[in-house]
Amino acid sequence: MAKTVANLGEKRDIHLFDSFHGIPHLGPKDEPFAGIEHDGLDEQLVTTGVSACSREDVARNIARWGAAADNLIYHEGWFQDTVPPSDTGPIALLRLDGDLYESTRICLEYLYLKVTSGGFVIIDDYNLTGCRLATEDYREANAILAEMHTVPGGEGAVWWRKD
Ligand SMILES: C[S@@+](CC[C@H](N)C(=O)[O-])C[C@H]1O[C@@H](n2cnc3c(N)ncnc32)[C@H](O)[C@@H]1O
């Protein structure tokens with residue numbers, strides 16, 4: 001995304017929200033995946049260790065790809081803590097990749113309203129039960145009828161354009 005923005009010669013902020021410590025424990029609406037099981041710690045905001053990548057490593061990788069860092073804004077912590085008080089301004093492209101029901105729900109609840117009319121939403125993990133349910137629940141509760149499209153080769157990712 002950062003490289004695309006740079007290639008287009010545009011100045012846009014890119015907000016990156018992540019724990020940078022990995023995926024937290026499943027909630028009741030999630031099903032086991034990637035070795036994460038229901039383990040009695042349901043919904044605890046404690047890392048499972050899966051997908052852990054430190055902020056420093058992420059920044060290093062981005063630099064290695066040659067993307068500029070000056071328009072990247074990091075929000076480190078659990079979405080439940082960082083997303084509600086965040087002040088991103090209008091969002092042209094909202095890409096959610098949090099895998100779980102609660103992780104997807106909280107982002108949709110607080111960030112979808114900021115997506116501009118004509119803006120795009122990408123849900124990476126629509127193939128995962130919790131993520132799919134959270135997306136369906138939000139779309140239904142907010143009467144979102146925009147057609148959902150699959151991403152070719154996107155391993156279950158979907159996208160739609162906000163009316
Ligand atoms: C499958 S990884 C994707 C990471 C990154 N988007 C990528 O493509 O490499 C899922 C990410 O969601 C983050 N995540 C999931 N639930 C979260 C939550 N409630 N708060 C903060 N981060 C969360 C994890 O830390 C993990 O980095």
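Atoms within a ligand are numbered from 1 in the order they appear, just like the ligands themselves.
Proximity of Ile23 to ligand 1 is established by a heavy-atom distance of less than 4.0 Å. Residue contacts with ligand 1: Gly77 is included, with a non-hydrogen atom under 4.0 Å away.
Among all non-hydrogen protein atoms, the one lying nearest atom 20 (N) of ligand 1 is Phe79 N, 2.8 Å. Of the protein's heavy atoms, Asp18 OD1, 3.4 Å lies nearest to atom 24 (C) of ligand 1. Nearest non-hydrogen protein atom to atom 15 (C) of ligand 1 is Gly98 O, 3.3 Å. Remark: minimum distance from atom 2 (S) of ligand 1 to any protein heavy atom is reached at Ser51 OG, 3.5 Å.
For the pair Glu102 and Arg105, the salt-bridge criterion is met [side-chain N within less than 4.0 Å of a carboxylate O].
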For salt bridge (charged side-chain N to carboxylate O under 4.0 Å, His left out), just list the numbers for Glu56 and Arg60, CA-CA rounded to whole Å, side-chain angles, deciding distance to a tenth of an Å, and then say yes or no. CA-CA 6 Å; Glu56 291 71 26; Arg60 255 193 298 276; over 6 Å; no
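No more than 12 heavy atoms of other residues, nucleotides or ligands sit less than 6.0 Å from atom CD of Glu140. Within a 6.0 Å sphere centred on CZ of Arg55, heavy atoms belonging to other residues, nucleotides or ligands number more than 12.
When non-hydrogen atoms are compared, ligand 1 lies under 4.0 Å from the side chain of Gln80 (C-beta onward) but not from its backbone. At a heavy-atom distance under 4.0 Å, only side-chain atoms of Asp99, from C-beta outward, approach ligand 1. Residue contacts with ligand 1 for Pro24 involve side-chain atoms from C-beta outward but no N, CA, C or O (heavy atoms, distance under 4.0 Å).
Using a 4.0 Å cut-off to heavy atoms of Asp97, the atoms of ligand 1 that qualify are 3 (C), 4 (C), 5 (C), 6 (N), 7 (C), 8 (O), 10 (C), 11 (C), 12 (O). Taking every non-hydrogen atom of Ser103 and a distance limit under 4.0 Å, the qualifying atoms of ligand 1 come out as 15 (C), 16 (N), 17 (C), 18 (C), 19 (N). Every atom of ligand 1 with a heavy atom of Ser19 under 4.0 Å away is listed here by number and element: 21 (C), 22 (N), 25 (O). The ligand atoms of ligand 1 that sit less than 4.0 angstrom from a heavy atom of Gly22 are 24 (C), 25 (O).
For His25 and Asp42, the side-chain atoms include no donor-acceptor pair closer than 3.5 Å. Side-chain contact check for Tyr74 and Asp18: no donor-acceptor pair (N or O, by modelled atom type) lies under 3.5 Å.
Below 30°, between 30° and 60°, or above 60°: for Phe120 and Trp159 the angle between ring planes is between 30° and 60°, a tilted geometry.
With Cys107 as the fixed residue, the side-chain contact (heavy atoms from CB on, under 4.5 Å) test singles out one of Phe79, Phe17, Tyr138: Phe79. Of the candidates Asp137, Asp30, Thr135, Tyr101 forms a side-chain hydrogen bond (donor to acceptor under 3.5 Å, both in side chains) with just one, namely Asp137.
Inside a 4.0 Å radius of atom 9 (O) of ligand 1 there is not any protein heavy atom.
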